[in-house]
Amino acid sequence: MASLATIFGSGAMTNSIRGIKHMEVIFIIGSNTKESHPVIANQMIKAHSKGAKIIIADPRKVPLVRFADQHLRLKPGTDVALINAMAHVIVKEGLHNSEFMEDRTQGFEAWKSSLDEFTPEFAEKLTGVPAADIAQAARAYAGSSKAGIFYTMGITQHTHGVDNVSCLANLALLTGNIGREYTGINPLRGQNNVQGACDVGGLPNVYPGYQKVGDPNMRRKFETAWDCVLSEKPGLTATEMMEKASGGRIKSMYILGENPVLSDPNMKHTIDALKNLDFLVVQDIFMTETAALADVVLPATSFAEKFGTFTNTERRVQLVRRALTPPGHAKPDLTIIQEMSGRMGLPMDYASAEDVFNEIASVWPAIEGINYKRLEKKGLQWPCPTRDHPGTEYLFKDGFPVGKAAFTAVEFKPPAEITDDEYPFILTTGRNLFQYHTGSMTRRVPEIEAVAGKAYIEIHEMDAKKLGLKDGDTVNVASRRGNIDIRAMITDRVNPGVVFVPMHYAEAAANMLTNNALDPVCKTPELKVCAVRIVT
Amino acid sequence: MVKLTINGKEVQVPKDTTVLVAARSAGITIPTLCYHPRLKPNGGCRLCVVEVKNIPRLVSSCTTPVSEGMEVQTETARLKEVRATIMKLLLSDHPVECINCRATDDCALHELTMFLEVHENEFTGERRKYDTRDGNPFIERNMEKCILCGRCVSVCEEVQGVGAIDFAYRGFKSKVCPPFEKDLDCEFCGQCVQVCPTGALLGKMWDRGLRLGQEKKAVDTVCTYCGTGCNITLNVQGQNITKVTASERHWNEGWLCVKGRFGYSFVTSPERLTEPLIRKGKELVEVSWEEALDYTAERLKATKEKHGEDTIAGLASARCTNEENYLFQKFMRGAVGTNNVDHCARL
């Protein structure tokens, strides 16, 4: 998101889910769409049945590969080499969209030379993907004016995640596959309201609507709106908070509906950090692994027990309606926060979620046209600045907020941790179809547990043979940070040398192993690559 | 555009439209069973037959494209009789034990029986007998109730891209099943359940905790799992979710995944937190809201006074609503006085 915001002036999925079925080329990189976003995958399958080409770049043979014209099976962490080589081919073969580049981009000449070394042959050495396949993918993507790029955490959860996204943006700028229907750069957001949490200011450097904390005008605007004094210092990211908690410089934390013990890299480090706090309050619907460490636990409400809005990955604001009353003495989060705020000296008095929404719309111009009455009929995609605005299906129709978007030169950097004799396997992590994130919800659903209740490590047959493993054997997997016992699943989903552990299982937590090295710009941890060894 | 008449009414529709869609666009009802607007028509059930001038046989309107000057009749005595016969044949091999069927309030077969006024059935004979056991935890398959319309087969292949089921055998023995008649082993998205017009396919966990005399409601909302934001309907009775359905009116066209459609019981899990807790000694013990809130505010204020506001940090939540996140960050920035607020967008 940081990268997209810098390049274009706005960081969100540019196009819409419903447009996917009309695309001619779908380039999916670092997204296991069929398992992580199944209903979006349905749109891709629809496009495929209408003749669209699907190109998947992923170290694993993810289920959607069945529909792919090409599967570029790159080594984890080598995305920059792959994407730059695609750009190299497009430029070399003159497949770029000069007219679009003239009108809407800048810095092409300077950037072009940065591609020189990224011949498909050079990329083949780094990625393991045959040069001819890279060239073929480049030609397919550049050869269509209805080509969309899709990615998720497979691109961002690296120490060079921002670089990866910049490379993808270069591809779109080079071919003009952005700012029109059925194109775009489409990060698929992993959680029901991760888009919304970002939009309304759940980020350390921006107020609601991505209005910068560092901008004195914005600060004054919010000081007036909220009638309080605001700090001019941008805050810490979640990963930095854990660092500082562990170093004793963060003393107290208030965690709302998140489970960092399981979701953050290097679990031991996270637990130590949280234990090191003077005071931890967790507001949640279950006694999560994180809540178990808290000094105060506040029982909150699930989505079925409250009114409000979620904003989905395509920027669509949709109404959430209450169907049940909260159990026991659990309270709506809105009530809890207001009660707490009053006690801390900033009284809040909202009669309803709708009241709060109206205030958000009054401080963020891009949703000024949205209200609950309109949402009653159907969700609306922001920007939606006026009451008669129909919402925005795709961004950048009339140009980029930054004006001319710049190409970004990106050099290849290896992951923070590479394999060696001691830790010879690359571990990558992710989700499976049945479980969800840290499992605090799905692991309490007996039907889901019945089919996907056991943790597993995906390992290639050749590696299994070397280790003398049978399918179902328990192995010990260790990294420099921790180790877990886990059942081996022998499969060709992973390549030899690569293993995969889903993130959902506390009893064999993938994040016990993962690396908390961060991207220097956006502070995303490198959950997708670390080095492990396997002991039988 | 193509001009035709349906029941004498002039209708104009784009080329390649089927007679059925043309009729529906003109507000004319033609009964259907196997037809589903989001799936390729297969003309299997024959209920949608119509008469077309100069074509001696009846044609299925769901598979017949319109042509210029076509004259269609949808409501003749002959059609009425044919449709009633088709219904009777279907019902002759369908267990008409609606009182014991969990799909009674959502059954196209039942609705059409009423609509076509089929009250008596002269067709009787052998009925298919199937073992309905299936080990999977999500989808109940009552194949004796299956009318072989093929919607489930189509949706699994066309929409979900899985192809977990298909027709097997021929004639009277025809049935829809997984390969080698094994238990269903698929993505369990339940798209097949969504499109099944009878009680042949149901959610196994539906209607759990059904009580007498409690109000039933259907509440439209948004799925709480991934960022796709599928529209769902929570069907509730009292304090129980009886099932999750999805309306075809919304952008996700009624399609969901296994988590969204079947993974809802966590909401009413006995493990839900119901009381505020404070750690006293090693244990977390139940306290009143007043005590929990006062204590929390006191501790946060103490940290602020002793170490400064920037030693406090807050995590907002990608799980919570916009309104909750907005208030939370306002609380952290305005009441606590720090910009240390983030959430798991990076994780």
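Chain naming here is simple, since letters A, B, ... match the order of the sequence lines and numbering starts at 1 in each. Everything numeric here is computed off the predicted structure, so don't read it as measured data.
In this structure, chain A has a heavy atom under 4.5 Å from the backbone of Phe262(B), while its side chain stays farther away. For Ala245(A), no part lies near chain B; criterion is any non-hydrogen pair under 4.5 Å. If you measure heavy-atom distances from Asn42(A) to chain B, the contacts under 4.5 Å come from both the backbone and the side chain. Proximity to chain A is absent for every atom of Cys189(B), based on heavy atoms less than 4.5 angstrom apart. Proximity to chain B (any heavy atom under 4.5 Å) is shown, for Ala353(A), by both the backbone and the side chain. Using a 4.5 Å cut-off between heavy atoms, Leu236(A) contacts chain B through both its backbone and its side chain. For Phe67(A), the part lying under 4.5 angstrom from a heavy atom of chain B is the side chain only. Looking at Met348(A), only its side chain comes within 4.5 Å of chain B, counting heavy atoms on both sides. Residue contact with chain A, scored on non-hydrogen atoms closer than 4.5 Å, involves the backbone and the side chain of Ile312(B) alike. Neither the backbone nor the side chain of Glu291(B) comes within contact range of chain A; no heavy atom of the residue lies under 4.5 Å from a heavy atom of that chain. Within the 4.5 angstrom heavy-atom criterion, only backbone atoms of Leu293(A) (N, CA, C, O) approach chain B. Contact annotation for Ile17(A): only side-chain heavy atoms (C-beta onward) come within less than 4.5 Å of a heavy atom of chain B. In this structure, chain B has heavy atoms under 4.5 Å from both the backbone and the side chain of Arg321(A). Heavy-atom distances place no part of Glu298(B) under 4.5 Å from chain A, backbone and side chain included. With a threshold of 4.5 angstrom between heavy atoms, Thr237(A) approaches chain B through its backbone and through its side chain. Only the side chain of Met241(A) comes within less than 4.5 Å of a heavy atom in chain B; its backbone stays farther off. Interface residue Val320(A): backbone and side-chain heavy atoms are both found under 4.5 Å from chain B. Heavy atoms of Arg443(A) lying under 4.5 Å from chain B are absent altogether. Contact annotation for Leu293(B): both backbone and side-chain heavy atoms come within less than 4.5 Å of a heavy atom of chain A. Contacts of Arg343(A) with chain B are made by both backbone and side-chain atoms, with heavy-atom separations under 4.5 Å.
Options Asn193(A), Val194(A), Val356(A) differ in how many heavy-atom pairs under 4.5 Å they form with chain B, and the most are formed by Asn193(A). Ranked by non-hydrogen atom pairs under 4.5 Å with chain A, the options Ser265(B), Gly314(B), Cys226(B) are led by Cys226(B). With chain A as the partner, the residue from Asp185(B), Leu284(B), Asn252(B) showing the most heavy-atom pairs under 4.5 Å is Leu284(B). Between chain B and the residues Ser252(A), Ala294(A), Gly248(A), the largest count of heavy-atom pairs under 4.5 Å involves Ser252(A). Note: Pro204(A) leads Gly257(A), Gly196(A), Pro204(A) in heavy-atom pairs under 4.5 Å with chain B. Between chain B and the options Val229(A), Ile336(A), Asp199(A), the largest number of non-hydrogen pairs under 4.5 Å is found for Ile336(A). Per-residue counts of heavy-atom pairs under 4.5 Å with chain A were compared for Thr296(B), Asn231(B), Leu300(B); the largest is that of Thr296(B). Contact count versus chain A (heavy atoms, under 4.5 Å) is highest, among Pro276(B), Cys257(B), Gly337(B), for Pro276(B). Options Lys217(B), Lys301(B), Gln160(B) differ in how many heavy-atom pairs under 4.5 Å they form with chain A, and the most are formed by Gln160(B). Among Met344(A), Glu35(A), Met441(A), the residue with the largest count of heavy-atom pairs under 4.5 Å with chain B is Met441(A). Looking only at heavy-atom pairs under 4.5 Å with chain B, the residue among Asn511(A), Asp227(A), Asp278(A) that has the most is Asp278(A). Ranking Leu327(B), Val236(B), Val219(B), Asn325(B) against chain A, the residue ahead of the rest is Leu327(B), based on heavy-atom pairs under 4.5 Å.
The cationic group of Arg444(A) lies under 6.0 Å from the six-membered ring centre of Phe286(A) and within 45° of the ring axis, placing it in a cation-pi geometry. Relative to the ring axis of Trp251(B), Lys378(A) does not place its NZ or CZ within 45° and under 6.0 Å from the centre.
Ion pairing of Arg189(A) with Glu314(A) is absent here, as no side-chain N (NZ or NE/NH1/NH2) approaches a carboxylate O to less than 4.0 Å. Between Asp220(B) and Arg249(B) there is a salt bridge, since at least one side-chain N of the basic residue sits less than 4.0 Å from a carboxylate O of the acidic one. The existence of a salt bridge linking Glu323(B) and Lys306(A) is excluded, since no basic side-chain nitrogen approaches an acidic carboxylate oxygen closer than 4.0 Å. In summary, Glu140(B) and Arg102(B) engage in a salt bridge, as defined by a charged side-chain N under 4.0 Å from a carboxylate O. Salt bridge status for Glu305(A) with Arg272(B): present, with a side-chain N to carboxylate O gap under 4.0 Å.
Although no hydrogens or angles enter the test, the distance criterion places a donor-acceptor pair under 3.5 Å between the side chain of Arg261(B) and the main chain of Gly190(B). Panel note: side chain Thr338(B), backbone Asp310(B); no donor-acceptor pair is recorded below 3.5 Å. Counting only distance, with no hydrogens or angles, the side chain of Thr274(B) and the backbone of Gly328(A) share no donor-acceptor pair below 3.5 Å.
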Intermediate values then yes/no, side-chain contact (heavy atoms from CB on, under 4.5 Å), Phe357(A) and Val317(A): CA-CA 11 Å; Phe357(A) 187 89; Val317(A) 183; 4.0 Å; yes
Derivation of the side-chain contact (heavy atoms from CB on, under 4.5 Å) call for Arg319(B) and His437(A): CA-CA 11 Å; Arg319(B) 327 282 315 125; His437(A) 214 58; 5.7 Å; no
From CA spacing to verdict: side-chain contact (heavy atoms from CB on, under 4.5 Å), Tyr225(B), Thr442(A): CA-CA 9 Å; Tyr225(B) 285 109; Thr442(A) 46; 3.5 Å; yes
Chi angles and distances behind the side-chain contact (heavy atoms from CB on, under 4.5 Å) call for Glu283(B), Leu277(B): CA-CA 9 Å; Glu283(B) 298 295 304; Leu277(B) 307 169; over 6 Å; no
Evaluation steps, salt bridge (Lys or Arg N to Asp or Glu O under 4.0 Å), between Lys46(A) and Glu158(B): CA-CA 7 Å; Lys46(A) 180 108 184 176; Glu158(B) 291 171 28; over 6 Å; no
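Between Trp226(A) and Leu346(A), the closest heavy-atom pair is O-CD1, 3.9 Å. Shown here for Leu324(A) and Gln239(B), the closest heavy-atom pair between the two residues is CD2-C, 3.7 Å.
Between Phe331(B) and Tyr254(A), the ring centre distance stays below 6.0 Å.
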